[in-house]
Novice: 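Take a look at this one; I'll ask things after.
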Amino acid sequence: MTQAEIKLCSLLLQEHFGEIVEKIGVHLIRTGSQPLRVIAHDTGTSLDQVKKALCVLIQHNLVIYQVHKRGVVEYEAQCSRVLRMLRYPRYIYTAKTLYSDTGELIVEELLLNGKMTMSAVVKKVADRLTETMEDGKTMDYAEVSNTFVRLADTHFVQRCPWVPATENSDPGPPPPAPILVISEKDMYLVPKLSLIGKGKRRRSSDEDAAGEPKAKRPKYSTDNKEPIPDDGIYWQANLDRFHQHFRDQAIVSAVANRMDQTSSEVVRTMLRMSEITTPSTDPFTQPLSSNEIFRSLPVGYNISKQVLDQYLTLLADDPLEFVGKSGDSGGGMYVINLHKALGSLATATLESVVQERFGSRCARIFRLVLQKKHLEQKQVEDFAMIPAKEAKDMLYKMLSGNFISLQEIPKTPDHAPSRTFYLYTVNILSAARMLLHRCYKSIANLIERRQFETKENKRLLEKSQRVEAIIASMQATGAEEVQLQEIEEMITAPERQQLETLKRNVNKLDASEIQVDETIFLLESYIESTMKRQ
Amino acid sequence: MEEYGACQGLKSSWPSGRGLAREWVGPTGWDRNKALRPRGGRSAVLQRWNAYPSARAFCLHPFLAGRHFGCTVLPKPRDLVSRTNPMAGSQGRGRAAYTFNIEAVGFGRGEKLPDVVLKPPPLFPDTDYKPVPLKAGEGEDYMLALKQELRETMKRMPYYIETPEEKQDIERYSKRYMKVYKEEWIPDWRRLPREMMPRKKCKKGPKSEKVKDTGKGASLTNTADVLKKIEELEKRGDGEKSDEENEEKEGGKEKNQEGDEEDDDAAEQEEYDEEEQEEENDYINSYFEDGDDFGADSDDNMDEATY
């Protein structure tokens with residue numbers, strides 16, 4: 001793990017879980033797999049706190065454990081999963097666009113709590129929705145359950161691995177840690193519950209659902225008043241599915257930018273059809289025939305078959321090669337080149353970074369070298385039509401920024417420098433890695449700056465919070481306008497100004513974090529796809 | 001002064017007299033092997049070159065003895081200059097020679113090379129181009145609001161473990177009313193390794209049937225069970241002591257604080273027991289409690305007065 005990643009993980013853990021969890025988490029990320037006592041000893045925290053921190057981390061799927069020989073349990077942190085915490089707003093917003101408020105709240109609860117049982121999720125979400133509804137209306141559990149089932153069917157939520165119920169044939173002592181298993185077909189199996197009830201306001205007494213026992217043997221927890229019907233079956237958000245969705249979104253919007261709306265719809269249809277059939281790591285989707293695509297076009301999109309064929313031909317001929325033709329049966333078999341598409345997106349990101357950093361002439365040289373693969377110094381000047389001095393200067397700027405690299409081609413076996421060609425080339429994979437590393441650094445800087453700004457103005461923020469609380473309570477008890485005015489004047493005009501500036505800055509920093517995270521997603525997808533192919 | 005590998009370029013411009021090469025003695029005496037092949041490679045050469053800015057003063061060509069060698073362009077060590085090559089192509093007499101065709105990298109001949117940079121880049125470099133404005137739209141606004149809300153919500157969840165503050169001298173009145181009441185969260189012990197559970201007298205949750213463990217593990221756990229029983233009995237004696245200590249502490253945010261204090265002791269005792277693999281350890285535990293015995297044993301060597 002690079003230093004930048006570790007720093008970013010440390011900031012994220014600290015913001016979300018506090019310092020103790022951060023200390024343990026960062027130690028695990030740095031040192032790899034460790035048993036409990038070693039962690040306590042190395043970090044200097046008490047065993048009890050280490051246990052609590054590890055419980056929290058395991059609950060949120062950030063740490064996994066493994067039993068080694070001699071009964072030693074070792075804990076390992078997953079750095080990449082920690083970095084996903086940056087993307088939580090995007091996941092929740094996506095769920096909102098797909099499944100409206102109910103879906104949004106379900107995903108939010110699952111992300112905030114790591115894992116939950118279905119009944120717990122349904123209950124909490126119903127309560128939350130009821131609070132936002134008008135007086136007298138309540139949210140039915142059934143509706144929330146339906147949305148949950150739909151989320152499971154489209155794989156956006158999945159079951160966590162569970163403890164297998166053994167037959168207890170041999171009365172050996174229990175192992176130090178349970179071994180959790182999950183099978184592919186069970187991952188999205190929703191237990192048959194009939195959750196009856198409505199959302200509650202203000203947490204009045206429970207009249208909970210009477211669920212039927214289902215497939216797995218239920219274990220009754222002694223803490224709750226009633227037995228939970230699906231106890232032991234935990235659900236978590238399936239981040240890979242969300243990533244697949246983001247990737248599809250990126251491809252569709254790229255096609256829309258390059259061509260037009262209709263072609264993007266065609267591509268969207270193709271992607272939707274191959275959602276479940278193609279695993280997200282494949283370089284190509286399954287071939288789809290033109291007839292199938294025509295049948296699956298969204299209702300209300302009335303283009304004729306010939307027009308569709310024309311669009312498909314256009315897409316297949318495009319130099320970007322998002323869509324490829326793989327056969328002629330069924331009116332033409334078409335695939336989407338996922339790997340190539342991700343590559344184009346990553347390249348476009350690199351180009352735009354070069355342009356914004358070094359200027360448009362540098363960007364021209366960069367695109368030129370990308371296109372021609374290897375160029376000598378002289379050839380760059382000629383092709384780009386930029387005077388030699390400037391071209392040289394720009395090339396060296398990009399070289400020292402690691403966007404471009406030099407390739408040596410020796411003419412003689414002794415690699416004499418006077419008899420060696422030096423060619424400029426762009427290695428997309430390494431440039432993407434470099435940019436990704438930079439993105440991690442930028443987000444860490446943004447978070448630090450935001451924390452600094454907040455700390456600077458802490459006193460002022462607390463004061464404004466107190467004033468707001470006072471105003472709210474006075475309004476509730478019915479106060480006059482004059483009194484409210486007086487209270488509001490407790491915050492002077494310059495202070496108000498300061499608060500405004502602070503709010504603007506914090507908003508800007510937060511928005512920047514979200515946007516840098518989008519770039520991180522693109523680059524990571526590309527790198528992952530490339531590594532899988534090698 | 002040491003030899004300068006870069007000066008070897010001069011040899012290309014020397015006349016064919018090999019005798020001259022042998023007779024050329026540098027400032028410290030010329031070791032032919034060392035001069036021809038600078039030890040340490042290119043980086044060592046560069047280091048030495050950089051260390052002596054007045055190096056050029058020592059590049060005395062025997063033919064130009066007495067005359068200062070007006071090198072306008074000395075082969076300053078650059079990343080692109082490779083290892084010195086005694087057989088460099090003729091670059092002109094009296095000039096320091098590059099060992100490769102400098103045109104290939106774009107610098108004209110006789111041109112001044114940019115300076116060597118000897119420090120890291122600045123911390124906040126100036127940017128020529130200002131960044132483009134952020135994306136703005138309904139989705140982005142919503143995500144921004146979500147992000148800020150999530151940040152606040154996370155602080156109130158039971159997963160956020162706050163660092164225990166040191167006790168302040170003056171306890172502020174407002175602190176009592178600003179405490180955030182958090183729900184208690186109890187993890188599902190069936191899914192976690194057994195060592196995660198806080199060791200209490202009453203075990204929470206049922207034990208689950210699992211995959212069979214190895215034999216070695218079995219023996220350890222058996223011993224552990226026996227030791228646990230013993231240590232539970234011991235704990236009843238210790239439990240009262242730790243209760244008294246806890247009364248003074250502030251009402252903790254966690255309900256389990258008392259239990260945790262006991263657990264710490266219990267865990268430490270258990271660790272000690274397991275390491276020692278002994279039965280009753282009363283002897284060792286109380287070794288230092290009894291001050292009289294300690295003093296009496298080492299009376300012989302004590303210089304200080306016994307009280």
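Within every chain, numbering begins at 1; the chains are lettered A, B, ... in the order of the sequence lines, protein sequences first and strands thereafter. Both backbone and side-chain heavy atoms feed into the values below; hydrogens, waters and symmetry mates do not.
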Novice: Looking at A/Asn113, A/Val380, A/Val50, A/Ile514, which one has more heavy-atom pairs under 4.5 Å with chain B than the rest?
Specialist: A/Asn113

Novice: At a heavy-atom separation under 4.5 Å, does A/Gln515 approach chain B through its side chain, its backbone, both, or neither?
Specialist: side chain

Novice: For chain A, find which of B/Glu140, B/Met157, B/Arg191, B/Lys135 contributes the most heavy-atom pairs closer than 4.5 angstrom.
Specialist: B/Arg191

Novice: If you count heavy-atom pairs under 4.5 Å with chain B, which of A/Gln49, A/Glu108, A/His60 comes out on top?
Specialist: A/His60

Novice: Sort out for me which of A/Leu57, A/Leu36, A/Val21 touches chain B most, counting heavy-atom pairs under 4.5 Å.
Specialist: A/Leu36

Novice: Heavy atoms only, distances under 4.5 angstrom: which of A/Arg357, A/Lys96, A/Lys115 has the most pairs with chain B? Name it, please.
Specialist: A/Lys96

Novice: Quick check: are there more than 12 heavy atoms from other residues, nucleotides or ligands sitting under 6.0 Å from NE2 of A/His41?
Specialist: no

Novice: Is it the backbone or the side chain of A/Tyr75 that comes under 4.5 Å from a heavy atom of chain B, or both, or neither?
Specialist: side chain

Novice: Count the heavy-atom pairs under 4.5 Å between each of A/Arg90, A/Glu22, A/Glu356, A/Lys69 and chain B, then report the option with the highest count.
Specialist: A/Glu356

Novice: Using non-hydrogen atoms and a 4.5 Å limit, figure out which bit of A/Glu19 sits close to chain B: side chain, backbone, both or neither.
Specialist: both

Novice: Chain B heavy atoms under 4.5 Å from A/Arg450: which part of the residue, side chain, backbone, both or neither?
Specialist: side chain

Novice: Counting heavy-atom pairs under 4.5 Å to chain A, which of B/Gly139, B/Pro158, B/Ala136 comes out on top?
Specialist: B/Gly139

Novice: Is A/Leu112 close to chain B through its backbone or its side chain, or both, or neither, when contacts mean heavy atoms under 4.5 Å?
Specialist: both

Novice: To the nearest 0.5 Å, what is the distance between OH on A/Tyr65 and CD on B/Glu195?
Specialist: 10.5 Å

Novice: In Å and rounded to the nearest 0.5 Å, what is the CD1 to CG distance from A/Ile58 to B/Asp188?
Specialist: 12.0 Å

Novice: What's the shortest heavy-atom distance between B/Trp189 and A/Cys55, and which atoms?
Specialist: CZ3-SG, 4.1 Å

Novice: Which answer fits A/Glu518, side chain, backbone, both or neither, if we ask what part of it has an atom under 4.5 Å from a heavy atom of chain B?
Specialist: side chain

Novice: So which atom in B/Leu134 and which in A/Ala511 form the shortest heavy-atom distance, rounded to 0.1 Å?
Specialist: CD1-CB, 3.9 Å

Novice: Pair up each side-chain donor or acceptor in residues 144-152 of chain B with any protein partner under 3.5 Å, not counting sequence neighbours, and list the distances.
Specialist:
| from | atom 1 | to | atom 2 | distance (Å) |
| --- | --- | --- | --- | --- |
| B/Lys147 | NZ | A/Glu513 | OE1 | 2.7 |
| B/Gln148 | NE2 | A/Asn507 | OD1 | 2.8 |
| B/Gln148 | NE2 | A/Asp510 | OD2 | 3.1 |
| B/Arg151 | NH1 | A/Asp510 | OD1 | 3.2 |
| B/Arg151 | NH2 | A/Asp510 | OD2 | 3.0 |

Novice: Looking only at side-chain N and O atoms, does A/Glu104 offer a donor or acceptor that is under 3.5 Å from a partner on B/Tyr142?
Specialist: yes

Novice: Output the distance between atom CD (A/Glu15) and atom NZ (B/Lys155), rounded to the nearest 0.5 Å.
Specialist: 6.0 Å

Novice: Would one find more than 12 heavy atoms of other residues, nucleotides or ligands at under 6.0 Å from atom NZ of A/Lys503?
Specialist: no

Novice: For A/Lys508, does the NZ atom have more than 12 heavy-atom neighbours from other residues, nucleotides or ligands under 6.0 Å away?
Specialist: no

Novice: If I take atom OH from residue B/Tyr160 and atom CD from residue A/Gln14, how far apart are they, to the nearest 0.5 angstrom?
Specialist: 7.0 Å

